[in-house]
Every structure is written in C-alpha cells, then in structure tokens.
Engineer: 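What follows is a structure written as structure tokens; I'll ask about it next.
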Amino acid sequence: MAIHLRSAEELEKMHRAGLIVHQVLTELRAMVRPGLSTMDLEKFAESKLAGQPGRAAFKGYRGYPCVLCTSVNSEIVHGIPSPKRKLREGEIVSIDFGMEVDGYFADSAVTVPVGQITPELQKLLDVTRESLDRAIDKMRPGNRLGDVGHAVQSWAEQNGYSVVREFVGHGIGTKMHDEPNLPNYGDAGRGARLQEGMVIAVEPMVNAGSPQVRMRDEWVAETADGQPSAHFEHTVAVTANGPWILTRPKEMTGSSW
Ligand code: MF3
Ligand code: CO
C-alpha cells in the first residue's frame, strides 16, 4: 500500500481541522490548574465543539469513550478523562485531541504542567517538545522516515531519556491512522523517502526512565517503572517549502508548541 500524497486543496481541508484542534488545545492548556479534573477538560472541549464544523475524531474510535485523551504523569497515552482524577500541583498532563472536518483529519497533543513543577519535570517537557521540533524539521522532500524517528530518539537519549516503542506516529488524511507508521526511533538515511504532499502525525512519547510500557487496561498505557512520560504531537505536511504544521495557524513560527 502506498503513502497518500495530498493536494494543496486537501491540505487546506486538513488545516481547517487542525486550526480547530489548535484552538481547543490552546484554551485547554491555559485552563489547566490544580483542582481541575480531567473530566472538566473533557467537558470544556466538548462544549467548544458545539457550533463547530466537523466532529471530534477520537470519541467512538474503536469504542474510545471521550473526545480527549488526558494522560497524567506516568501515563503515556490514551488516559481517559475522569471526574475522579483531579489534577494536583506539580503534575504533568498530556492532552491529545483530534478532529475530522469535511472528511479530513488533524491530530495534536501537548503536555502541560499543573501549577509549579520541578526543574526535572520541566526538562522532560522541554526535551520532548524539542524532539518534536527536530523531527518536524526533518519533514522535507528527499529526507527519509528514519531521519524523522532518529531526530526524536537521538535528542531524547542524549538527554538521558528513552523513547516508547509500542506507540508510533502515523500517516493521517481521510483516516486518523494511515500509512506510514512513524516510530520515535530509527536510523538516519533509512526508510521511505518523504515526498511533497505526505502528511504525518509526528508524536514523540518520551519516558524519564526506562522505555518499557505497561497496559493498565484496554486503553491506558503507562510506564512500567512508574516514572513520568511526556507527549507532544503535530500533524505535519511535507511541502516544497518545507514542513507545514497543519495543527496551528500559518503565521505561528518557532518552537512547535
Ligand atoms: N493521538 C492519538 C493517536 O494518534 C489518538 C488516538 S486515541 C483514540 O493514536 F482513542 F482515538 F484511539
Ligand atoms: Co496521533
């Protein structure tokens, strides 16, 4: 199966979905504070969707119950919002959100500090976001998929962290998960060649400790050693002018989140 190449018109459609995703995540990020529950974030996101075109991409996907994934501390991905899970000062929460508008998808995530966090946790967030920046910078025609994964892995590991193997970035377009898979590790110069029009959700998941994953239940993936994990994601198109981050406004430049 081939990797889809999207036309300029299709990319604009994905960007429409991506701008809604960005707006909602930006508001959620600003809301995060001690005492708020992860279900409060879910309810806010749901309320923002009323009156928007399209629909939330995750709810109902393989039976997933919510519009957001909210993964706290040692939870890596797919944490399920709950009214019982109140955020506490010093924690970190990954908020992951996707939209489908007019048949096209966009997917993004940001990990947010709850109140004041330790310098150690801040470094984990910074390095993970930087690994996304570095990966995005490799999303250029002629580069290879391995260059992108290698950018994440090398930056994470140079900083003493590890990358998760069990979950990967993914092609995205008229489906949320499409070809190719994009592991957060890899060898520079290896793998499929990137071409104009390819769109990939790049999503480093970086663990402070070991890379091992434990499934707490059908959905929630957490670190086996209980140490924290961070997650940042953008939907990124390969264009002749370089990477185009579809999950934020065009005029935004600089660090990805
Ligand atoms: N951003 C996640 C991903 O890329 C969202 C999937 S959550 C699900 O896989 F609930 F929809 F599965
Ligand atoms: Co994704």
Side-chain angles (χ1 to χ4, degrees), residues 3-4 6 14-15 17-18 20-26 28-29 38-39 41-42 45-46 49 54-72 75-82 85 92-101 104-112 128-129 131-132 135-136 139 145 148-149 152 163-185 198-206 213 215-222 229-238 243-248 256-257:
I3 303 171
H4 288 103
R6 303 293 172 189
M14 295 183 73
H15 190 42
I20 299 170
V21 170
H22 185 265
Q23 182 62 33
V24 171
L25 283 178
T26 298
L28 288 168
R29 178 165 68 160
T38 52
M39 183 55 82
L41 297 172
E42 167 77 11
E46 268 198 308
L49 295 179
R55 62 170 196 94
F58 302 172
K59 195 168 184 168
Y61 181 85
R62 301 187 181 195
Y64 187 75
C66 292
V67 304
L68 299 180
C69 298
T70 52
S71 308
V72 184
E75 294 173 351
I76 301 167
V77 285
H78 305 162
I80 300 176
S82 160
R85 187 58 175 94
I92 55 172
V93 57
S94 148
I95 308 173
D96 191 344
F97 180 55
M99 283 290 291
E100 177 190 355
V101 179
Y104 288 83
F105 286 80
D107 184 8
S108 183
V110 59
T111 301
V112 185
T128 308
R129 192 197 60 248
S131 75
L132 175 59
I136 290 172
M139 291 282 291
L145 275 183
V148 185
V152 173
V163 294
V164 169
R165 310 302 204 260
E166 284 80 355
F167 298 92
V168 296
H170 48 94
I172 180 168
T174 52
K175 297 191 287 188
M176 182 163 65
H177 294 136
D178 208 340
E179 291 194 50
N181 277 345
L182 172 63
N184 288 305
Y185 55 88
M198 286 184 182
V199 186
I200 299 178
V202 185
E203 50 178 319
M205 289 153 252
V206 174
V213 172
M215 293 305 295
R216 183 185 299 165
D217 56 35
E218 183 198 349
W219 282 107
V220 188
E222 59 188 355
S229 183
H231 176 215
F232 287 81
E233 176 176 20
H234 271 303
T235 295
V236 183
V238 176
W244 177 13
I245 300 177
L246 297 172
T247 37
R248 71 177 191 182
S256 56
W257 261 109

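The first residue of the sequence shown is numbered 1, and numbering continues consecutively from there. Just follow the structure's listing: the first ligand is 1, and inside any ligand the first atom is 1.
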Engineer: Suppose the cut-off is 2.8 Å; which protein N/O/S atoms would you list for the Co ion (ligand 2)?
Structural biologist: D107 OD2, H170 NE2, E203 OE2, E233 OE2
Engineer: Does T70 offer a backbone N or O that forms a donor-acceptor pair with the side chain of S94 under 3.5 Å?
Structural biologist: no
Engineer: Would the F167 and H231 ring centres measure less than 6.0 Å apart?
Structural biologist: no
Engineer: Could you list each N/O atom of ligand 1 together with any protein N/O atom closer than 3.5 Å, one pair per line with the distance?
Structural biologist:
from: ligand 1; atom 1: 1 (N); to: D96; atom 2: OD1; distance (Å): 3.0
from: ligand 1; atom 1: 1 (N); to: D96; atom 2: OD2; distance (Å): 2.7
from: ligand 1; atom 1: 1 (N); to: D107; atom 2: OD1; distance (Å): 3.0
from: ligand 1; atom 1: 1 (N); to: D107; atom 2: OD2; distance (Å): 3.1
from: ligand 1; atom 1: 1 (N); to: E233; atom 2: OE1; distance (Å): 3.2
from: ligand 1; atom 1: 4 (O); to: D107; atom 2: OD2; distance (Å): 2.9
from: ligand 1; atom 1: 4 (O); to: H170; atom 2: NE2; distance (Å): 2.8
from: ligand 1; atom 1: 4 (O); to: H177; atom 2: NE2; distance (Å): 3.3
from: ligand 1; atom 1: 4 (O); to: E203; atom 2: OE2; distance (Å): 2.9
from: ligand 1; atom 1: 9 (O); to: H177; atom 2: NE2; distance (Å): 2.8

Engineer: So T247 and M99, do their side chains get closer than 4.5 Å, heavy atoms only?
Structural biologist: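 No, too far: nothing below the 4.5 Å cut-off.
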Engineer: Flag the pair C69 / Y64 as yes when at least one side-chain heavy-atom distance between them is below 4.5 Å, and no otherwise.
Structural biologist: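 C69 vs Y64: side chains touch.
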Engineer: Give me the ring orientation class for H177 and Y61: parallel if the planes are under 30° apart, tilted from 30 to 60°, perpendicular past 60°.
Structural biologist: perpendicular
Engineer: With side chains defined as the heavy atoms from C-beta onward, is the minimum distance between V199 and T235 less than 4.5 Å?
Structural biologist: yes
Engineer: List the steps and the verdict of side chain to side chain contact (heavy atoms under 4.5 Å, CB included) for V24 and V67.
Structural biologist: CA-CA 11 Å; V24 171; V67 304; over 6 Å; no
Engineer: Using ring centroids (six-membered ring only for Trp), state whether W244 and H234 fall under 6.0 Å.
Structural biologist: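 No, the ring of H234 stays outside the 6.0 Å limit from the ring of W244, centre to centre.
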Engineer: Could you tell me whether a side-chain N or O of E75 sits under 3.5 Å from a main-chain N or O of V72, the two making a donor and an acceptor?
Structural biologist: yes
